[in-house]
Asker: 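Starting off with a structure, shown below.
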Amino acid sequence: MNSMKIRRTAIAVAAAALLPFSLAACSDSGSDTKAAPTAAAGDEAKTDASTPAGEGMTGDKPFGPACAGVPKDGAGSFDGMAKDPVATAASNNPALSTLVAAVKQAGLVDTLNNAKDITVFAPTNDAFAKIPKADLDKVLADKEQLTKILTYHVVGQKLTPKQLEKGSFETLQKGMVTTTGSGEAYKANDTANVVCGNVKTANANVYIIDSVLMPK
């Protein structure tokens, strides 16, 4: 009888000693299961915070009131112009037909198309219309003068809108053109407004302006 009591007592003591460890193990297992979704949710939150929708998509598109008149598709659209060198791209934009005719008259088509990384301030047809017809005809008939005026509209680097905020740039004509502005409102030489800016072509950034720039 004494041996039976001793054995039962030993079993009870062993069970009592093991019980806390069993409960602790169960408790740890439950904690791990519950913690996993929290960590995953945290990872998702980090991912969302590091890659917000649309980041990097703004600030690199054409802007300005005249951009609304650009065709939505085809060679004269923004996507179409981006595939062609600048003189070819301009020829597909109806608002730049006078400029294109002047570029052809001066023999500058190949010069502009073959140039690398340039900026063109491109006067609209209305910009040329501000010049008295007699004066415009005289300029168009003088290839040397026409070349000076047109190359004054070209800068030998691609300019971003940020660079136009307060800039001074040497042109292919060797004169200087100054720019001012911010946001979506910019001027060249304090006289010409950018009416459709940041237009991309295969080799140039184009800023369409409402006045013809004259070399200083």
Asker: Checking the side chain of Asn193 only, and the main-chain atoms of Asp210 only, is there a donor and an acceptor separated by less than 3.5 Å?
Answerer: no
Asker: Same cluster for Phe63 and Met81 if Ile/Leu/Val/Met/Phe/Trp/Tyr side chains link at under 4.5 Å?
Answerer: no
Asker: Determine the sole option in Val206, Val154, Thr179 for which the side-chain contact (heavy atoms from CB on, under 4.5 Å) test with Phe121 is passed.
Answerer: Thr179
Asker: State, to 0.1 Å, how close Ala188 and Val177 come at their nearest heavy-atom pair, and which atoms those are.
Answerer: CB-CG2, 4.3 Å
Asker: How many angstroms lie between atom CG of Leu140 and atom NZ of Lys133, to the nearest 0.5 angstrom?
Answerer: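 Answer for the CG-NZ pair, Leu140 versus Lys133, is 9.0 Å.
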Asker: Yes or no on side chain to side chain contact (heavy atoms under 4.5 Å, CB included) for Asp60 and Lys200, after CA distance, side-chain angles and deciding distance?
Answerer: CA-CA 10 Å; Asp60 197 38; Lys200 306 295 177 61; 3.0 Å; yes
Asker: Indicate whether the side chain of Tyr152 and that of Asn189 have a donor and an acceptor atom separated by less than 3.5 Å.
Answerer: yes
Asker: Testing the 3.5 Å rule here: is there a donor-acceptor pair between the side chains of Asn125 and Thr98?
Answerer: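 There is such a pair between these side chains.
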Asker: So, the side chain of His153 versus the backbone of Leu213: is there a donor-acceptor pair under 3.5 Å, distance only?
Answerer: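 Between the backbone of Leu213 and the side chain of His153 there is a qualifying donor-acceptor contact (under 3.5 Å).
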Asker: Would you check, one step at a time, whether the test side chain to side chain contact (heavy atoms under 4.5 Å, CB included) holds for Lys138 with Gln145?
Answerer: CA-CA 9 Å; Lys138 185 177 180 180; Gln145 182 64 17; over 6 Å; no
Asker: Short question: side chain of Asn203, backbone of Val86 - any donor-acceptor pair under 3.5 Å?
Answerer: yes
Asker: May I ask whether Val103 and Val199 are part of the same hydrophobic cluster, defined by side-chain heavy atoms of I, L, V, M, F, W, Y residues being less than 4.5 angstrom apart, directly or through others?
Answerer: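 Yes.
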Asker: What is the distance from atom OH of Tyr207 to atom OG1 of Thr119, rounded to the nearest 0.5 Å?
Answerer: 6.0 Å
Asker: Find the distance between NZ (Lys158) and OG1 (Thr160) and round it off to the nearest 0.5 Å.
Answerer: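 Rounded to the nearest 0.5 Å, the NZ-OG1 separation comes to 12.0 Å.
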Asker: Nearest 0.5 Å, please: how far is CD1 in Ile118 from CG in Leu172?
Answerer: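 The CD1 atom of Ile118 is 6.5 Å from CG of Leu172, to the nearest 0.5 Å.
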Asker: How about Val139 and Ile131: do any of their side-chain heavy atoms sit closer than 4.5 Å?
Answerer: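 Counting from C-beta outward, Val139 and Ile131 never come under 4.5 Å.
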Asker: Salt bridge between Lys130 and Asp126, side-chain N to carboxylate O under 4.0 Å?
Answerer: no
Asker: Measuring from Asn93:CG to Ile208:CD1, what's the distance to the nearest 0.5 Å?
Answerer: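 Rounded to the nearest 0.5 Å, the CG-CD1 separation comes out at 5.0 Å.
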Asker: Counting distance only, does the side-chain N/O of Thr88 pair as donor-acceptor with the main-chain N or O of Asp84 below 3.5 Å?
Answerer: no
Asker: When rounded to the nearest 0.5 angstrom, what distance separates CZ in Phe78 from NZ in Lys61?
Answerer: 11.5 Å
